[in-house]
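Below: the structure, in structure tokens.
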Amino acid sequence: MLTVNAIAAPSATEPLVRTTVERRDLGAHDILIEISYAGICHSDIHTVRGDWGPVAYPLTVGHEIVGHVTAVGAEVTRHAVGDRVGVGCMVNSCRECANCRAGQEQYCENGNTGTYAAVDRDGTVTQGGYSTHIVVDQDFVLRVPTEIPIEAAAPLLCAGITTYSPLAHWNAGPGKKVAVVGMGGLGHMAVKLAAAMGAEVTVLSQTLGKKDDGLAFGAQHYYATSDPATFEALRNGFDLIVNTVSAPIDINQYLSLLRLDGTLVSVGAPPEPLPVQVFSLFGARRSFAGSSIGGIAETQEMLDFCAERGIAAEVEVIGADQVNDAYERVLSSDVRYRFVIDINTLR
Ligand code: NAP
Ligand code: ZN
Ligand code: ZN
């Protein structure tokens with residue numbers, strides 16, 4: 001066992017504090033990673049605050065992890081000491097079900113093992129990336145191309161893949177009109193990725209406050225959802241809408257913006273239901289869908305795509321003692337566009 005420095009939530013209501021977590025001894029297929037940066041995803045906040053259900057405390061979250069390999073197990077072949085690597089939202093899956101065999105480990109029929117707050121194979125609860133080191137099976141460790149600045153690569157491991165996967169699945173590309181709802185951590189990556197894929201991108205944000213940024217990220221249009229005229233102007237306008245909002249929104253209003261056979265895919269995960277009027281779907285044979293992160297092979301494809309196309313996250317690097325303030329800023333939509341913890345401040 002290795003005891004390493006970390007930040008953990010003691011309960012759903014208390015601030016995160018400095019502590020330590022245990023990492024297992026290296027198994028034959030395991031990799032020890034010295035973490036450099038860890039992104040703050042809104043899912044971290046939902047999880048520690050119990051929004052999605054009870055979790056075991058103390059809990060260390062963080063699933064946007066980048067660092068370097070410092071040791072490998074006896075049978076590791078995929079990565080070597082010194083490699084620049086990343087870990088995203090899952091650290092294992094059954095590997096045997098149809099979805100795992102198809103490279104869709106995120107949809108493992110027996111449940112993937114989340115990077116934090118999941119019960120690991122050894123019965124312990126997984127602890128995430130707000131810590132100095134992590135031990136992960138080689139098959140769930142990604143290669144992080146050196147073309148991407150390392151701190152700006154961290155958010156790709158969740159925000160990047162979670163938006164890349166539905167954009168690729170629903171064929172965002174030339175001739176397609178794509179809207180992104182909410183321009184936070186996931187949303188700003190969705191804008192950059194959809195634009196790089198060749199789609200015509202529109203941002204639907206609460207206000208016009210971030211319009212210049214949205215256009216700089218590659219959007220061609222930017223509308224405020226606080227203005228009812230937006231929903232009139234954009235009726236039947238989109239092939240694909242990616243909803244990244246962390247809170248409940250009136251999904252029927254957004255469905256009305258889809259053209260014939262269009263799809264609204266929710267990656268945002270508010271704890272409350274999003275009630276759908278079937279008539280919102282009937283009007284143009286519309287679909288309402290969901291999407292969860294992405295598979296390991298697809299995550300590598302996304303990282304390589306970002307390296308080739310010069311895409312990375314916009315980050316605000318913070319120290320370990322600023323995490324609680326950062327959480328409050330994320331909750332008030334005051335994030336430009338991802339907080340990333342400099343893990344050196346934890347050593
Ligand atoms: P974030 O950085 O907080 O971004 C969410 C954005 O939604 C905000 O920046 C804001 O954008 C908008 N928003 C927030 N509250 C709103 C409200 N009450 N009404 C309308 N718009 C609002 O969060 P994130 O890290 O991108 O995560 C977004 C959601 O995706 C979370 O629920 C998270 O748990 C979920 N998630 C899902 C997956 C998956 O696999 N499906 C993976 C990662 C995260 P504007 O200021 O532009 O309006
Ligand atoms: Zn996440
Ligand atoms: Zn499986």
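Nothing fancy with the numbering, it's 1 onward along the sequence. When a ligand or atom number is given, it counts from 1 through the structure's own listing order.
Only the backbone of Ser291 comes within contact range of ligand 1, with a heavy atom under 4.0 Å; no side-chain atom does. Contacts between His46 and ligand 1 below 4.0 angstrom, taking non-hydrogen atoms only, involve the side chain exclusively.
A donor-acceptor pair is defined here as one N or O able to donate and one able to accept, closer than 3.5 Å; no such pair exists between the side chain of His68 and the backbone of Val81. In this structure, Asn236 contributes its side chain and Leu257 its backbone to no donor-acceptor pair below 3.5 Å. Using modelled atom types, no side-chain atom of Arg336 and backbone atom of Lys210 make a donor-acceptor pair closer than 3.5 Å.
Considering backbone and side-chain N/O of Gly187, none are found under 3.5 Å from N/O of ligand 1. The shortest N or O to N or O distance between Val335 and ligand 1 is not under 3.5 Å. No N or O atom of Tyr222 sits closer than 3.5 Å to an N or O atom of ligand 1.
The closest side-chain donor-acceptor pair between Arg23 and Ser131 falls under 3.5 angstrom. If you check the side chains of Gln206 and Ser226, you find no donor sitting under 3.5 Å from an acceptor. With 3.5 Å as the limit, one finds no donor-acceptor pair spanning the side chains of Glu34 and Thr70. Of the N and O atoms on the side chains of Glu298 and Gln300, not one donor lies less than 3.5 Å from an acceptor on the other residue. Side-chain contact check for Asn5 and Thr132: no donor-acceptor pair (N or O, by modelled atom type) lies under 3.5 Å.
Nearest protein heavy-atom contact of atom 46 (O) of ligand 1 is Lys210 NZ, 2.8 Å. Nearest protein neighbour of atom 35 (C) of ligand 1, counting heavy atoms only, is Val267 O, 3.5 Å. Looking at atom 13 (N) of ligand 1, its nearest protein heavy atom turns out to be Gln206 NE2, 3.5 Å. Regarding atom 2 (O) of ligand 1, its nearest protein heavy-atom neighbour is Gly185 N, 2.8 Å. Nearest protein heavy-atom contact of atom 7 (O) of ligand 1 is Val245 CA, 3.6 Å. In this structure, atom 25 (O) of ligand 1 lies nearest to the protein heavy atom Arg338 NH1, 2.6 Å. The single protein non-hydrogen atom nearest to atom 33 (C) of ligand 1 is Ser43 OG, 3.4 Å, given as residue, atom name and distance. In terms of protein heavy-atom proximity, atom 47 (O) of ligand 1 is closest to Ser205 OG, 2.5 Å.
Salt bridge absent: Asp83 and Arg78 never bring a charged side-chain N and a carboxylate O closer than 4.0 Å.
In this structure, Lys192 satisfies the cation-pi test against Phe217, with its NZ or CZ atom closer than 6.0 Å to the six-membered ring centre and inside 45 degrees of the ring normal.
Among Met183, His42, His63, Gln106, the residue whose heavy atom lies closest to atom 1 (P) of ligand 1 is His42.
Vertex the Zn ion (ligand 3); arms to Cys100 atom SG and Cys97 atom SG; angle 110° (nearest 10°). Annotation: angle subtended at the Zn ion (ligand 3) by Cys94 SG and Cys108 SG is 100°, to 10°.
Heavy atoms from other residues, nucleotides or ligands lying under 6.0 Å from CZ of Arg285 number 12 at most.
With ligand atoms numbered from 1 in the order given, ligand 1 contributes 8 (C), 10 (C), 13 (N), 14 (C), 15 (N), 46 (O) to contacts under 4.0 Å with heavy atoms of Ser333. Close approach of ligand 1 to Ile293 is summarised as follows: ligand atoms under 4.0 Å from at least one heavy atom of the residue are 39 (C), 40 (O). Those atoms of ligand 1 that come under 4.0 Å of a heavy atom in Trp52, given as number and element, are 34 (O). Atoms of ligand 1 lying under 4.0 Å from at least one heavy atom of Ala247, given by number and element, are 17 (C), 18 (N). In the vicinity of Thr244, heavy-atom distances shorter than 4.0 Å reach the ligand 1 atoms 5 (C), 28 (C), 29 (C). Close contacts between ligand 1 and Val330 involve ligand atoms 3 (O) [criterion: under 4.0 Å to a heavy atom]. Interface of Gly184 with ligand 1, defined as ligand atoms under 4.0 Å from a residue heavy atom, comprises 2 (O), 4 (O), 9 (O). Close approach to Cys158 involves these atoms of ligand 1, each under 4.0 Å from a residue heavy atom: 42 (C), 43 (C).
Here Tyr327 and Phe339 keep their ring centres 6.0 angstrom or further from each other.
Here the shortest heavy-atom pairing between Leu240 and Val265 reads CD1-CG1, 4.0 Å.
With a 4.5 Å cut-off on side-chain heavy atoms, Val48 and Val55 do not count as touching.
The shortest heavy-atom distance from Cys41 to ligand 1 is under 4.0 Å.
The side-chain contact (heavy atoms from CB on, under 4.5 Å) test with His63 singles out one residue from Asp44, Leu157, Val87, and that residue is Asp44.
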